[in-house]
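Report on the following structure.
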Amino acid sequence: MKFTVSREKLQKALQKVGSIIGSRSMMPILGNVLISAGDGRLRLTTTDLEIRITTAIEAVIEEPGASTAPARKLASLVGCLTGADVSFDIDSDDHVKISCGTGRFTLLGLPAADFPESAEFEALREVKFREIDFKRMIGSIAYAVSADDSRKVLTGVLFSCRDSAVTLVATDGKRMAMQEKAPEAIEGGDGDCIIPLKAVTEVRRLLEGDSQLTVKVGEKQCSFTGAQFELSTRLIEGNYPNYRAVVPGSFRQTVEMPVALLLAKIETVALLLSENSSFIILKFEENKLTIQASSAEIGEGSDFIELPYEGEPFEVSFNPAFLADPLRNTDAENVRIKLNDPLNPVAMECGEGFLYVIMPIRKK
């Protein structure tokens, strides 16, 4: 196999597929990138057996074929080269000979036949988004995914198709983030699936333009095809909790304030907290929200925001990180906070189709 490719394009392509390569694996082939050359295109593929990523770039193909090379070493080497183009000559023993400028290098590869084949699946539904829209959807909710493997279904993102709209949901049992949007097209009817957080994170990293993204969902797998990549992943099996049941049917009070202002106040006041004091207090009173924090080890502090609040004064306590997460991950200017009392869930809305529900902390 022989081909020549732009060094800059090859470097970017290797960055696209290289992030799922683990530092250690029981299967050496999983540390390699599959290189397939033909029809004027160079295709690069990696997999960790759960996720598979492929990207393609233009190349001058002299002899088509397929082989594999150590992914991290190849990426490091290409990143150090200084020539404009890189030439590859891979022999029948999978010795990857690389030429660029005055440099000559050889990497020991493995046969393409050893690389795991892609698993084909029948799509039950197909959904199309703009890449930029889906990237925003993921970013607005992914932080709320659970890190606790004891409830496997909560370690992924729910992808729910209902009534020509798609809802992404993430929860760790203490808070829930939900983003709903009508896609450009949807086929196959209603249905749910749970996508692993690692796959969702990789998709968000790969989305970089305003091209069309196609999502195909099967019984146990799904795939994402964008302008510059294709990613497939296994789905998490199981039933996701009824997320809509945690949203109160009504609220007694709604207040609105600037996202940036509230986030700045929370982050500043939270600096006074220690490991033994993990909550801040939001004190609602006439035309004012006061944010307070104190700890025996560090000290105490407070700040306030003027706002049109006219209800009964009351205090409610939150984990400051949980309260700040949706504010950090939105491009909306204002946030609406809906509440009933200090013991029941509080809802936050910022941006179209977004809802965040958080449980207050009960102080002892």
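What's counted below: heavy atoms across the whole structure, side chains too, no hydrogens, waters or symmetry copies.
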Quiz item: Taking the side chain from S140 and the backbone from M137, do they hold a donor-acceptor pair closer than 3.5 Å?
Solution: yes
Exercise. Decide yes or no for M178 and I141: does some side-chain heavy atom of the first lie under 4.5 Å from some side-chain heavy atom of the second?
Key: no
Practice problem: Would you mind checking if D172 and R175 are paired as a salt bridge, meaning a charged N to carboxylate O distance below 4.0 Å? | Solution: yes
Quiz prompt | Set of residues satisfying ring-ring contact (aromatic ring centres under 6.0 Å, His included) with respect to F159, sequence neighbours excluded | solution = none
Quiz prompt | Any pair counted as side-chain hydrogen bond (donor to acceptor under 3.5 Å, both in side chains), so long as it reaches residues 102-114, sequence neighbours left out | solution = none
Self-check item: C161 to G189 - nearest heavy-atom pair and separation
Solution: CB-O, 4.0 Å
Please tabulate, one pair per line, all N/O donor-acceptor pairs under 3.5 Å involving side-chain atoms of residues 31-60, not counting sequence neighbours.
unit_1	atom_1	unit_2	atom_2	d
N32	ND2	T68	OG1	2.9
T45	OG1	T54	OG1	2.9
T46	OG1	V17	O	2.5
T47	OG1	L49	N	3.0
T47	OG1	I51	O	2.9
D48	OD1	E50	N	2.9
D48	OD1	I51	N	2.6
D48	OD2	K198	NZ	2.7
E50	OE2	R234	NH1	3.3
R52	NH1	P116	O	2.7
R52	NH2	P116	O	3.4
T55	OG1	Q228	O	2.5

Considering only distance and modelled atom types, tabulate donor-acceptor pairs under 3.5 Å from the side chains of residues 247-268, sequence neighbours left out.
unit_1	atom_1	unit_2	atom_2	d
R252	NH1	N340	O	3.4
K265	NZ	D303	OD1	3.3
K265	NZ	D303	OD2	3.1
E267	OE2	R328	NE	3.1
E267	OE2	R328	NH2	3.4
T268	OG1	A264	O	2.8

Quiz item: With distance as the sole test, does N329 use its side chain to make a donor-acceptor pair with the main-chain N or O of D325 at under 3.5 Å?
Solution: yes
Practice problem: Using a strict cut-off of less than 4.0 Å between a Lys/Arg side-chain nitrogen and an Asp/Glu carboxylate oxygen, indicate whether R125 and D190 qualify as a salt bridge. | Solution: no
Practice problem: For residues 334-361, pull every pair meeting salt bridge (charged side-chain N to carboxylate O under 4.0 Å, His left out), keeping only residues two or more places apart or in separate chains. | Solution: R336-E349, K338-E349
Quiz item: Is S277 reaching over with its side chain to a backbone N or O of L273, donor-acceptor style, under 3.5 angstrom?
Solution: no
Self-check item: Donor on one side chain, acceptor on other, D148 and S150, under 3.5 Å
Solution: yes
Self-check item: Salt-bridge present (R136, D331; N to O < 4.0 Å)
Solution: yes
Self-check item: D91 side chain vs D94 backbone, donor-acceptor pair below 3.5 Å
Solution: yes
Practice problem: Could you pull out all residues at least two apart from F354 that satisfy ring-ring contact (aromatic ring centres under 6.0 Å, His included)? | Solution: none
Just distance, no hydrogens or angles: give the donor-acceptor pairs under 3.5 Å from side chains in residues 286-300, sequence neighbours left out.
unit_1	atom_1	unit_2	atom_2	d
T290	OG1	E285	OE2	3.4
S295	OG	L272	O	2.6
S295	OG	I298	N	3.3
E297	OE1	S274	OG	2.8
E297	OE2	N276	ND2	2.7

Quiz item: Would a 4.5 Å heavy-atom cut-off, applied to side chains only, mark R205 and S19 as touching?
Solution: yes
Quiz item: If you group Ile, Leu, Val, Met, Phe, Trp and Tyr whenever their side-chain heavy atoms sit less than 4.5 Å apart, what else falls in with I132?
Solution: none
Quiz item: Hydrophobic cluster mates of M359, side-chain heavy atoms under 4.5 angstrom, ILVMFWY only, any path?
Solution: none
Atom pairs and distances, donor-acceptor, side-chain atoms in residues 211-219, under 3.5 Å, two or more places apart:
unit_1	atom_1	unit_2	atom_2	d
Q212	NE2	E184	OE1	3.3
T214	OG1	K128	NZ	3.2

Self-check item: Modelled atom types, side-chain donor and acceptor of T4 and D85, under 3.5 Å
Solution: no
Quiz item: Side chains of L10 and F88: closer than 4.5 Å at any heavy-atom pair?
Solution: yes
Quiz prompt | Ion pair E122/K220, N-O distance below 4.0 Å | solution = no
Exercise. Just jot down the ring-ring contact (aromatic ring centres under 6.0 Å, His included) partners of F284, sequence neighbours excluded, or say none.
Key: Y309, F314
Quiz item: For L108, what are the other residues in its hydrophobic cluster, where any two members join if their side-chain heavy atoms are less than 4.5 angstrom apart?
Solution: none
Quiz item: Is the shortest heavy-atom distance from the side chain of T233 to the side chain of P196 under 4.5 Å?
Solution: yes
Self-check item: Passing candidate, side chain to side chain contact (heavy atoms under 4.5 Å, CB included) with Y243, options L355, T171, T167
Solution: T167
